[in-house]
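Below, chain A is the first sequence line, B the second, and so on; all start at residue 1. What you see is a predicted model; the values in this text were computed from it and never measured.
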Amino acid sequence: MNAMEKPALSGQDRQAPLVRLERAGVSSGGRWLVRGVDLSVSPGEIVTLIGPNGSGKSTSAKMALGILTPSEGKAERKRGLKVGYVPQKLLVDWTLPLTVRRFMALTVKLSDAQIHAALERTGAAHLMRAEVRHLSGGELQRVLLARAIAVSPDLLVLDEPVQGVDYSGEIAIYELISRLRTELGCGVLMISHDLHVVMAATDQVICLNGHVCCRGTPSAVSQSPAFLQLFGHRAGAGIAVYQHHHDHVHLPDGRVRHADGTVSEDCAGEHCEAPHGHEDHSHDHASHHAHAHGEGCGHDHVHDHNHGHAHDHSHTHSGEAVKETTDAR
Amino acid sequence: MLDDFFTRAVLAGIGVALVAGPLGCFIVWRRMAYFGDTLSHGALLGVALSLLLQVNTTLTVFVVSSALAVLLLLLRRQGTLSSDALLGLLSHSALAIGLVCLAFMTWVRMDLLGLLFGDILAVNRQDLLLIYGGGALVLLVLAWIWRPLFAATVNPDLAAAEGIKPERVNLIFTLLLAGVIAIAMKVVGVLLITALLIIPAASARRLSSGPEVMAVIASLLGCGAVVAGLFGSLEWDTPSGPSIVVAAMCIFIVSLAPWERLLAKRGLKRSTNP
């Protein structure tokens, strides 16, 4: 329990969490699948669970959802919570005739207009008449996501929402998730085993390996010793904490390749300044995070440039990113 | 009109087929064919019990099948035995115990073949009332749990996450199944009930664009099988229960070949080349 654990939204007026796990664990056949998980998701917050296969990510999410009852500890959900869930696997047998349209109305009744609107949002409206089992991996993920958001849920739980999706589609889906979070104001609990792209919009990353290894902001976790031990130093070095606009890329040696192909020693220049017009937020959180990352955060400046886009939700990160950048200098 | 035994038989068969269609779809979707078999074999035990205790046969069959269903759900949740082996064990044990019990009751003269393969031509007015009354009740309850049951069939976790209680709808569904077995036993007998549930549903698959459509088509195809089977049995003097199943099988074969191109559907290639 160090300062790193402070959720990024702590500066704001916190609402009651939608879902909370307290020292929760599940045992099966005398073996602990996962143990001692603490997590909470508040409205508008994105929490990402990462960890290797079998580390208890899905199990933790299922405890949060009430699919599994914790063998120890507590799982609490807000009363009347509306949940949208994207499961890890969805196998539709050939015996089951199921079109996307019917699948959308799986758990609740929806009008055609609602179905269309939700599919439109995830860019899958053209698939309305398709059979679910004929969808490609990426199409299925978009449909699953559309179904989960069709009812305007309070809480979205996404179990590996980008599996089977190619890299550019992956980024589009992450962008979509972060946009949905803003538009719907819902909390998001996301699971990922893919560490190459961890969304910067994530407020908190919880790294699991049968227990909680470490937690914090994406950039803090990617540098934490526990994380590096679990995934190896290369994972930490190569990790791209994804930011929305790729106008430059940070090369492994610390130099920067800009969109026009030029390479410079750093990303100094207008696009690396604090986001214009966001000064208030930036400074606010910058100072907050200065303390948070005071120790054990010898960042190698591998990530975090969040500039030029004015999404509300990114303010806190903008601030953080700027501060870390300055730290590294 | 109901004075004619053949008319009564046709009506009884249609009544059962109407109910069997939608339930059969769920059995096919959930891969529960063996489960249905187990429940219907357990029905024989119910018959033996009802003779022993001298109580209503249909009711006893329903109670025994339901008890078996609940036992199965509990055992499966424990997860000690694979459900396949578990079902095989219970299915044939129930059948054997039923037969042994019947053999012990030497004072009862029992038409064993009628129990195993049905005695649809002996259906009386009371049976008809039971089939249509019970059938309507089963369909009403099924309509009531349709959406949650279907959601739990597609993905139990997803359903549970979004406020559906899969175990509860599963339980209700199994009880409905036990109910259908109790009312269908007289028509096709304990050994062939599963056939009447599964074959029309399987035949309906390739003609359907959605689950609800498939349920309706399964009912209609089941009715077709009943009518064709009964007329066939009248024509060729064959046992009626098995004739209905043979007719259903013929419908299934017809459903396989030509429709694929006609309706531009895909996906059943596996079943055409083994």
So, for B:Arg205 and A:Thr95, which heavy atoms are closest and what is the spacing to 0.1 Å? CD-O, 3.1 Å
So for B:Pro211, is it side chain, backbone, both, or neither that comes closer than 4.5 Å to the heavy atoms of chain A? both
Could you tell me which of A:Lys82, A:Arg147, A:Arg101, A:Arg129 has the largest number of non-hydrogen atom pairs under 4.5 Å with chain B? A:Arg147
Hey, what do you get for CG (A:Leu98) to CE (B:Met214), rounding to the nearest 0.5 Å? 11.5 Å
Do you know which two heavy atoms are closest between B:Ser208 and A:Pro97, and how far apart they sit? O-CB, 3.8 Å
Which atoms form the tightest heavy-atom contact between B:Phe150 and A:Leu96, and what is the distance? CE1-CD1, 3.5 Å
Taken in chain and number order and not counting sequence neighbours, the residues that satisfy ring-ring contact (aromatic ring centres under 6.0 Å, His included) with B:Phe26 are B:Trp29, B:Trp146, B:Phe173
Main chain of B:Ser209, side chain of A:Arg102: is a donor-acceptor contact present, judged purely on distance under 3.5 Å? no
Under 4.5 Å from any heavy atom of chain B, what part of A:Ala105 do you find: side chain, backbone, both or neither? both
So which part of B:Ile164 gets closer than 4.5 Å to some heavy atom of chain A, the side chain, the backbone, both or neither? side chain
Mark yes or no for whether B:Asn155, through its side chain, and A:Lys89, through its backbone, hold a donor-acceptor pair below 3.5 Å. yes
Find the one option among B:Ala160, B:Ala161, B:Ala204 whose heavy-atom pairs under 4.5 Å with chain A are most numerous. B:Ala161
List the atom of A:Val108, the atom of B:Arg147, and the distance in Å for their closest heavy-atom pair. O-NH1, 3.4 Å
Does any part of the side chain of B:Asp157, heavy atoms only, come nearer than 4.5 Å to the side chain of A:Lys62, both counted from C-beta? yes
For B:Glu167, does the CD atom have more than 12 heavy-atom neighbours from other residues, nucleotides or ligands under 6.0 Å away? no
Close side-chain approach of B:Val154 to A:Leu90, heavy-atom, < 4.5 Å: yes
